[in-house]
Amino acid sequence: MKLQTQISFKRAQNQIDYHSQLLILGSCFAENMGDALNHFKFQCLQNPFGILFHPKAITNFILKAVLEEKYTENEVFFLNERWHCFDAHSMLSDVSKENLLHNLNQGITATRKQLKDATHIVITLGTAWVYHHLKTDTTVANCHKVPQKEFAKTLLSVTEIQNSLNELFDSIAKLNANVQIIFTVSPVRHLKDGFVENQRSKAHLITAVHQFISEHDAKKQLHYFPSYEIMMDELRDYRFYTADMLHPNKTAIDYIWEKFVSVWISPNSFTSMKKVDEVQKGFSHRPFNPNSEQHRNFLKSLEEKKTYLLKEHPFMKFDA
């Protein structure tokens with residue numbers, strides 16, 4: 001008896017391994033995938049400006065990084081006892097204007113370097129709904145709880161998303177013409193926009209990405225990974241959501257990650273991934289008796305695995 005429809009996958013060319021340099025950008029689901037890559041100690045830079053939900057925010061960030069545009073005090077503002085920037089997530093907001101500007105410009109510098117070195121860029125698009133700040137005539141990445149009356153909310157058309165992706169791709173090519181770019185659409189449901197509005201948004205994103213890839217992929221460096229489709233078609237049950245019924249839960253995230261591994265992670269990395277996972281879990285282990293011989297042997301085994309990994313992959317850093 002078949003109880004689930006499954007998406008067929010085939011292994012990608014130019015897979016990710018421990019020599020790869022990764023840049024992870026986009027919505028909160030990009031954080032889920034980035035956290036998994038970081039857990040297994042792949043070399044990646046993840047959302048230096050925090051979560052970026054829509055295509056224009058990601059493209060704007062890439063453009064600034066490629067052009068090395070530095071942020072100045074004219075591009076930040078003070079609200080609710082903190083300094084903010086419309087181009088970045090509130091995780092970068094700070095009580096100090098100087099700290100915010102430093103972190104913004106440090107993010108730009110780090111991203112430009114990673115763009116030049118990257119073998120793979122993973123971009124997760126979350127929504128096609130955007131907020132346009134009326135006073136500055138700009139589309140923002142984050143509203144930072146500025147009163148809603150100061151914005152106009154609009155749905156990006158398929159053409160507007162394609163144009164944004166064109167701009168993103170052309171900018172990246174100036175620094176790195178051969179990088180593999182993996183697009184995915186976030187399975188997170190943006191129901192604050194409305195049920196129908198969320199589906200319109202996802203439909204615009206999916207259509208635009210596929211049209212963009214089909215029109216620009218002469219070098220076979222643009223790819224689509226179906227995170228949204230896995231959630232909608234393989235995991236068709238609310239038990240795969242968190243309590244808010246909007247975000248994939250850990251089981252769903254792990255399931256989608258396993259699919260990503262099956263497509264994009266090179267099998268020659270699996271042995272190291274297994275050892276990294278053992279070391280990571282070992283660090284979080286809390287013994288009943290820290291002074292027991294059993295625990296001392298456990299720590300010795302853990303250190304041997306860590307030594308092996310550092311010898312094979314000197315760039316790895318562990319918290320303990």
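Nothing here was measured: the structure is a model prediction, and the numbers come from that model.
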Salt bridge or not between [X] and [Y]? Use side-chain N to carboxylate O under 4.0 Å.
X	Y	result
Asp117	Lys113	yes
Lys259	Glu229	no
Lys135	Glu150	no
Asp193	Arg200	no

Got a sec: does the [atom1] of [X] have more than 12 other heavy atoms crowding it under 6.0 Å?
X	atom1	result
Tyr238	OH	no
Gln6	CD	yes
Gln13	CD	no
Lys281	NZ	no
Lys274	NZ	no

Completion exercise
Residues passing the ring pair (Phe, Tyr, Trp, His ring centres under 6.0 Å) test with Tyr71, sequence neighbours excluded, are Phe49

Test item: [X] and [Y] side chains (from C-beta on) under 4.5 Å apart, heavy atoms:
X	Y	value
Tyr255	Leu235	yes
Pro55	Leu205	yes
Leu45	Ile24	no
Ile108	Phe61	yes
Val140	Val146	no
Trp257	Leu37	yes
Ile182	Ile121	no
Asn38	Gln46	yes

Under a single-linkage definition using a 4.5 Å side-chain heavy-atom cutoff for Ile, Leu, Val, Met, Phe, Trp and Tyr, are [X] and [Y] assigned to the same hydrophobic cluster?
X	Y	answer
Phe53	Phe151	no
Met33	Val263	yes
Leu25	Leu175	yes
Ile62	Leu67	no
Leu155	Ile58	no

When rounded to the nearest 0.5 angstrom, what distance separates [atom1] in [X] from [atom2] in [Y]?
X	Y	atom1	atom2	value
Ile213	Gln162	CD1	CD	10.5 Å
Asp94	Asn99	CG	CG	4.5 Å
Met232	Thr5	CE	OG1	12.0 Å
Glu215	Leu222	CD	CG	11.5 Å
Met273	Tyr18	CE	OH	5.5 Å

Ignoring hydrogens and angles, tell me if any N or O in the side chain of [X] forms a donor-acceptor pair with the backbone of [Y] under 3.5 Å.
X	Y	answer
Arg189	Asn198	no
Asn105	Leu101	yes
Asp244	His247	yes
His313	Phe315	no
Thr111	Gly107	yes
Arg82	Lys97	no
Ser266	Ser269	no
His84	Leu79	yes
Gln43	Gln21	no
Thr184	Leu125	no

I want to know whether [X] and [Y] have ring centres closer than 6.0 Å.
X	Y	result
Tyr224	His210	yes
Phe77	Phe86	yes
Phe212	Phe183	yes

Exercise for the section: Output the rest of the hydrophobic cluster of Val196: all Ile, Leu, Val, Met, Phe, Trp and Tyr residues reachable through side-chain heavy-atom contacts under 4.5 Å, sorted by chain and number. Expected result: none

Handout entry: Other ILVMFWY residues reachable from Leu246 by side-chain steps of under 4.5 Å
Key = Leu191, Phe195

Looking only at heavy atoms, which two atoms of [X] and [Y] are closest? And how far apart?
X	Y	answer
Ala118	Val179	O-CG2, 3.5 Å
Ala141	Leu52	CB-CD2, 3.9 Å
Ser90	Asn142	N-ND2, 4.1 Å
Ser272	Leu309	O-CD2, 3.8 Å
Cys85	Leu104	CB-CD1, 3.8 Å
Ile16	Ser20	CA-OG, 3.5 Å

Practice task
Go through the steps to decide whether His190 and Thr127 satisfy the test side-chain hydrogen bond (donor to acceptor under 3.5 Å, both in side chains), and finish with yes or no.
Solution key: CA-CA 8 Å; His190 291 255; Thr127 182; 4.8 Å; no

Practice task
Take the angle between the ring planes of Phe225 and Phe260 and call it parallel below 30°, perpendicular above 60°, tilted in between.
Solution key: perpendicular

Practice task
Take the angle between the ring planes of His120 and Trp264 and call it parallel below 30°, perpendicular above 60°, tilted in between.
Solution key: perpendicular

Practice task
Decide side-chain hydrogen bond (donor to acceptor under 3.5 Å, both in side chains) for Thr136 and Thr138; before the verdict, give the C-alpha distance in whole Å, the side-chain angles of both, and the deciding distance to 0.1 Å.
Solution key: CA-CA 5 Å; Thr136 58; Thr138 56; 2.8 Å; yes

Practice task
For Glu31 and Asn47, test the side chains for any donor-to-acceptor distance below 3.5 angstrom and give the result as yes or no.
Solution key: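 Looking only at side-chain atoms, Asn47 and Glu31 do form a donor-acceptor pair, the distance falling under 3.5 Å.
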
Practice task
Decide whether His204 and Ser201 meet the rule of one side-chain donor and one side-chain acceptor closer than 3.5 Å.
Solution key: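 Judged by distance alone, the side chains do not pair up.
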
Handout entry: Check against salt bridge (Lys or Arg N to Asp or Glu O under 4.0 Å), Glu312 and Lys275
Key = CA-CA 11 Å; Glu312 293 292 312; Lys275 290 185 182 296; over 6 Å; no

Practice task
State whether Phe318 and Lys41 meet the cation-pi test: NZ (Lys) or CZ (Arg) under 6.0 Å from the six-membered ring centroid, and within 45° of the perpendicular axis.
Solution key: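 Yes; both conditions hold, so Lys41 lies above the ring face of Phe318.
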
Exercise for the section: Carefully, step by step, assess Thr59 and Ser164 under the rule side-chain hydrogen bond (donor to acceptor under 3.5 Å, both in side chains). Expected result: CA-CA 6 Å; Thr59 296; Ser164 185; 2.8 Å; yes

Problem - Glu197 and Lys202: CA distance, side-chain angles, deciding distance, salt bridge (Lys or Arg N to Asp or Glu O under 4.0 Å) verdict - result: CA-CA 9 Å; Glu197 290 79 4; Lys202 301 294 188 185; over 6 Å; no

